[in-house]
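A quick note: this is a predicted structure, and the numbers were derived from the prediction, not measured.
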Amino acid sequence: MSTSSSGQDLTEAERKRLERFERAKANRRGRKAPTVMPSRLARTSAFAPRKKGLITDSGFQRLYVVRPHTVVEVRGRELGSQHRDALYALFRMRAKRTEMAPQNGAQPLPYYHTETTWRALLSATGRTAHVNNLGTMLRVFEELRSVSFRFYQGDFAQYEAATQSGRLAAAGYSDNLLGRIEWDGITLDSRVKVAYGEWVRDMFESRTLASIDGETYFKLRSDYAKAFWPFIDSQPDYTWVAVEMLSELAGRDYKAETTRQRLKFREECRQAFDDMINAGGLASWTCEEVGSGRAKSYRYRYVHALPKQGSLDLAAGINGS
């Protein structure tokens, strides 16, 4: 069934897209220069919460699961916090849409890219705007470009059932996140252009996006906080997250770890939530125990520092009445 808007009929797909736009508008938190990115990249554990000790072997392959949000397989090398930082800085600069000239009467094919400067990129990531850092930034982009991401549309149960039977797991997409990287000089104000892969293009075209408070993200000092914050900030209706989910976001398996490992991880979680408060993302947080014995779990409840736009609009209406 179609819906009428401004005298025009909308298809079911268009209606759902309009609803997503309205939800996104209501969920905005007054962010300045947010990081707008594919939602699956905000809810994945494909970036290890560390900068050192990463596996650089080109034969590296690992499956990253955050139930029920993402099932992602990474091939080429292990990625860390510095790769997430560079990617988030790019998405903070806003992607531009360009249509390539059609060939043989085909429809124009859109592609997305970011145009900026070395200075702006370094500033966005909190790095010192110095020419000595340009090579490091370029190397991180090239490492991102060399890695293949395989995104599965189904959940982990479907993936597991398929792989155990030797079949390809559900529908999916395998692609590099970044494409061609161009720069016109090696000064801080030289222009830089980074093209995105087809999967990122499709996410922008379908508006399957999440808005992350980039200002808070780049103030974070804890690598674990950087692994948790995008998930927390991209889920505006969530008020708590379980320790098992936090573990998956960090690329770990909480239930399979020893008591000592669990204690250490919960300490990392406490430091990460304190970091999110210090960075201005959260107003408060608490931890509560759930269950008992070996089955005991923990929930981290939190309050955002900024109310959602829908709440702001309601408050304005009440104050103005």
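Partners of E198 under the salt bridge (Lys or Arg N to Asp or Glu O under 4.0 Å) rule, at least two apart in sequence or in another chain, do not exist in this structure. Under the salt bridge (Lys or Arg N to Asp or Glu O under 4.0 Å) criterion, R67 pairs with E248, sequence neighbours left out. Shown here are the side chain to side chain donor-acceptor pair (under 3.5 Å) partners of T128, two or more places apart in sequence or in another chain: there are none. Checked against salt bridge (Lys or Arg N to Asp or Glu O under 4.0 Å), R180 has the following partners two or more places apart in sequence or in another chain: E182.
The aromatic rings of F204 and Y112 lie parallel to each other, their planes meeting at an angle below 30°, with 60° marking the opposite boundary.
Rounding to the nearest 0.5 angstrom, the gap separating the CG atom in D184 from the OG1 atom in T117 is 10.0 Å. Taking OH from Y298 and CG from L246, the interatomic distance works out to 13.5 Å, rounded to the nearest 0.5 Å. One finds the CZ atom of F228 at 15.0 Å from the CG atom of D233 (value rounded to the nearest 0.5 Å).
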>> If you apply the rule side-chain contact (heavy atoms from CB on, under 4.5 Å), what do you find for T35 with L90, and how did you get there?
In response: CA-CA 8 Å; T35 295; L90 274 179; over 6 Å; no

* Evaluate side-chain contact (heavy atoms from CB on, under 4.5 Å) for W229 paired with L220, printing each intermediate quantity in order. => CA-CA 9 Å; W229 174 249; L220 297 171; 3.7 Å; yes

- Message: For a side-chain hydrogen bond (donor to acceptor under 3.5 Å, both in side chains) check, start with the C-alpha distance between R150 and Y152, then their side-chain angles and the critical distance, and finish with the verdict.
- Response: CA-CA 7 Å; R150 182 181 289 181; Y152 293 98; 3.3 Å; yes

Decide yes or no on salt bridge (Lys or Arg N to Asp or Glu O under 4.0 Å) for R207 and E205, but give the supporting numbers first.
CA-CA 5 Å; R207 300 290 181 178; E205 286 290 290; over 6 Å; no

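The backbone N or O of L306 sits nowhere less than 3.5 Å from a side-chain atom of H304 that would complete a donor-acceptor pair. With hydrogens and angles ignored, the 3.5 Å screen pairs a side-chain donor or acceptor of S247 with a backbone N or O of Y254.
Across I212 and A42, no two heavy atoms sit closer than the pair CD1-CB, 4.0 Å.
Between Q261 and R266 there is no side-chain heavy-atom pair separated by less than 4.5 Å. Side chains of W183 and L138 form a contact here, defined as non-hydrogen atoms less than 4.5 Å apart.
Between F231 and H69, a ring centre-to-centre spacing shorter than 6.0 Å is recorded. For Y302 and W285, the ring centers are positioned 6.0 Å apart or more. Here Y196 and F91 bring their ring centres to under 6.0 angstrom of each other.
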In a table with atom names and distances, give each donor-acceptor pair under 3.5 Å that connects a side chain of residues 74-82 to protein atoms at least two apart or in another chain.
| from | atom 1 | to | atom 2 | distance (Å) |
| --- | --- | --- | --- | --- |
| R75 | NE | E73 | OE2 | 2.7 |
| R75 | NH1 | Q61 | OE1 | 3.4 |
| R75 | NH2 | E73 | OE2 | 2.6 |
| R77 | NH1 | E143 | OE2 | 3.3 |
| E78 | OE1 | R50 | NH2 | 3.0 |
| E78 | OE1 | I55 | N | 2.9 |
| E78 | OE2 | R50 | NH2 | 2.7 |
| S81 | OG | R50 | N | 3.4 |
| S81 | OG | D223 | OD1 | 3.1 |
| Q82 | NE2 | K51 | O | 3.3 |

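Annotation: cation-pi pair K226/Y217 present, NZ/CZ under 6.0 Å from the ring centroid and within 45° of its normal.
For residues 112-136, the salt bridge (Lys or Arg N to Asp or Glu O under 4.0 Å) pairs, not counting sequence neighbours, are R119-D189.
Within 6.0 Å of CG in L263 there are more than 12 heavy atoms belonging to other residues, nucleotides or ligands. Taking a 6.0 Å sphere around NZ of K255, one finds it holds 12 or fewer heavy atoms contributed by other residues, nucleotides or ligands.
In this structure, E142 does not pair ionically with R145, as no charged nitrogen and carboxylate oxygen lie closer than 4.0 Å.
Side chain to side chain, W199 and N176 fail the donor-acceptor criterion of an N or O pair below 3.5 Å.
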